[in-house]
Amino acid sequence: MRDAPIMAPRDTVSAAIHAAARQGRPALVGFLTAGFPTRQGFKANLTAVAGVCDVVEIGVPFTDPMADGTTIQRASYVALANGVTLPWILEELGAMKGHGKPVLLMSYLNPLLSLGLDALPRAAAAAGVAGFIVPDLPFEESGDLKRALGLEGLALVQMVTPVTPPERLAMLCRGAQGFVYAVTMTGTTGAPKAPTADVPAEVLEYMDRVKRCSSVPVCAGFGIRSRQQVASFAGHVDGVVVGSALVEVLERGQDVRAFLRSLREVP
């Protein structure tokens with residue numbers, strides 16, 4: 001009897017999102033900044049997020065988080081003041097394997113280069129990381145990192161926006177691994193919107209275009225903070241990323257699990 005093929009870490013991300021779709025709901029990708037609000041609480045917060053979400057995205061704090069709005073900027077600065085570094089994050093993750101959900105690291109390029117493209121994939125794989133999201137790395141310059149991550153079967157997630165031209169959208173979707181991160185707006189994360197704001201029709205049409213281009217799941221992110229918004233994306237994407245709203249819940253010391261479950265509850 002042949003052994004079953006071992007799934008590459010990057011494929012666990014797609015598999016988790018598809019599993020949620022089979023349950024008739026968009027997958028939840030929950031974001032938290034590592035070491036925020038405290039280093040001591042990181043493992044407990046990660047466990048809480050993983051207990052509800054299908055995929056966990058962990059932010060590596062950085063001094064110039066250009067894609068992030070004020071909430072995640074604030075969290076990043078606090079985490080840096082707390083002494084959080086990429087090696088510390090990998091050490092913490094390696095010590096707590098077992099929550100069962102794929103983990104992605106969202107990092108700007110400098111911390112990854114500081115660790116080194118030879119050491120990074122091995123250390124990340126050993127820590128149970130399934131892949132990376134790197135907002136400041138252009139696709140045309142991503143070859144070295146993608147090849148390095150590929151040696152350990154790790155994903156390099158591609159991001160697209162409403163203003164991505166059709167030809168470039170097709171190129172990014174062809175190169176996507178894990179899922180395509182479809183940014184809902186131009187600008188930074190956590191744009192101030194009413195928590196029950198409807199998702200504009202043009203955003204849903206844009207998501208439909210991304211879905212038609214992509215052979216991997218598509219997840220919408222930026223500005224998603226309510227059950228109504230999550231429900232609006234159903235049928236247009238495979239999952240949603242909840243970032244700033246979740247970081248704000250952590251900042252206020254509220255119940256993370258209750259907030260995340262509320263995004264799925266039927267009124």
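Nothing fancy with the numbering, it's 1 onward along the sequence.
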Checking S114 side chain against N110 main chain: does a donor-acceptor pair fall under 3.5 Å?
no

Can you tell me how far the CD1 atom of I58 sits from the CD atom of E92, to the nearest 0.5 Å?
10.5 Å

The single option from I17, V230, I224 passing side-chain contact (heavy atoms from CB on, under 4.5 Å) against P26:
V230

About how many Å separate OG of S214 and CG of D238, when rounded to the nearest 0.5 Å?
8.0 Å

Between L104 and Y181, does a side-chain contact (heavy atoms from CB on, under 4.5 Å) hold up when you go through it step by step?
CA-CA 12 Å; L104 295 166; Y181 194 133; over 6 Å; no

All heavy atoms of L90 vs all of L115, minimum pair found to be CD1-CD2, 3.9 Å

For the student: nearest non-hydrogen atoms of A130 and P9, plus distance
CB-O, 3.4 Å

Would you call L172 and V180 a side-chain contact if the rule is heavy atoms closer than 4.5 Å?
no

How close do M159 and V183 get, heavy atom to heavy atom, and via which atoms?
CE-CG2, 3.8 Å

ILVMFWY network linking L113 to V129, side-chain heavy atoms under 4.5 angstrom:
yes

Under 3.5 Å, side chain of S14 to main-chain N/O of D11, donor-acceptor pair present?
no

Go through the steps to decide whether L169 and Q158 satisfy the test side-chain contact (heavy atoms from CB on, under 4.5 Å), and finish with yes or no.
CA-CA 10 Å; L169 176 62; Q158 299 298 328; over 6 Å; no

Would L80 and V84 show up in the same hydrophobic cluster when neighbours are defined by side-chain heavy atoms closer than 4.5 Å?
no

Measuring from atom CG of L117 to atom CZ of R122, what distance do you get when rounded to the nearest 0.5 angstrom?
11.0 Å

Rounded to the nearest 0.5 Å, what separation is found between the CD atom of E152 and the CZ atom of R10?
11.0 Å

For the side chain of E141 and the backbone of P138, is there at least one donor-acceptor N/O pair under 3.5 Å apart?
no

From CA spacing to verdict: side-chain contact (heavy atoms from CB on, under 4.5 Å), L156, S142:
CA-CA 9 Å; L156 181 58; S142 66; 3.9 Å; yes

All heavy atoms of A155 vs all of L149, minimum pair found to be O-CD1, 3.7 Å

For L105, the option from L93, L112, I133 that meets side-chain contact (heavy atoms from CB on, under 4.5 Å)
L93

Would a distance-only check, ignoring hydrogens and angles, find a side-chain to backbone donor-acceptor pair under 3.5 Å from T33 to S76?
no

Quick one: does V210's side chain get under 4.5 Å of C173's, heavy atoms only?
yes

When every non-hydrogen atom of P111 is compared with those of V60, the smallest separation belongs to CB-CG1, 4.3 Å

How far does CD of E91 sit from OG1 of T85, to the nearest 0.5 angstrom?
8.5 Å

Please examine the side chains of P37 and N45, heavy atoms only from C-beta on, and report whether any two atoms are closer than 4.5 Å.
yes

How about V237 and C219: do any of their side-chain heavy atoms sit closer than 4.5 Å?
no

Would a distance-only check, ignoring hydrogens and angles, find a side-chain to backbone donor-acceptor pair under 3.5 Å from S262 to F259?
yes

Check the pair K101, C53 against side-chain contact (heavy atoms from CB on, under 4.5 Å), reporting the backbone distance first and the verdict last.
CA-CA 8 Å; K101 300 299 172 65; C53 290; 5.9 Å; no

Pair listing, ring-ring contact (aromatic ring centres under 6.0 Å, His included) test, anchored in residues 108-151, at least two apart
F62-Y108

Do the side chains of M96 and T47 get nearer than 4.5 Å, heavy atoms only?
yes

For A8 and G153, which heavy atoms make the closest approach, and how far apart are they?
CB-O, 3.9 Å

Flag the pair M207 / V203 as yes when at least one side-chain heavy-atom distance between them is below 4.5 Å, and no otherwise.
yes

Regarding E140 and R168, does a basic nitrogen lie under 4.0 Å from an acidic carboxylate oxygen?
yes

If you define the side chain from C-beta out and look only at heavy atoms, does anything of Q177 sit under 4.5 Å from V216?
no

Rounded distance [0.5 Å steps], OH in Y206 versus OG1 in T164:
6.0 Å

Option passing side-chain contact (heavy atoms from CB on, under 4.5 Å) with R261 (candidates V256, D255, V52):
V52

Salt-bridge contact D54-R264 (side-chain N to carboxylate O under 4.0 Å):
yes

Can you confirm whether F36 sits close enough to Y77 that some side-chain heavy atom of one is under 4.5 Å from a side-chain heavy atom of the other?
no

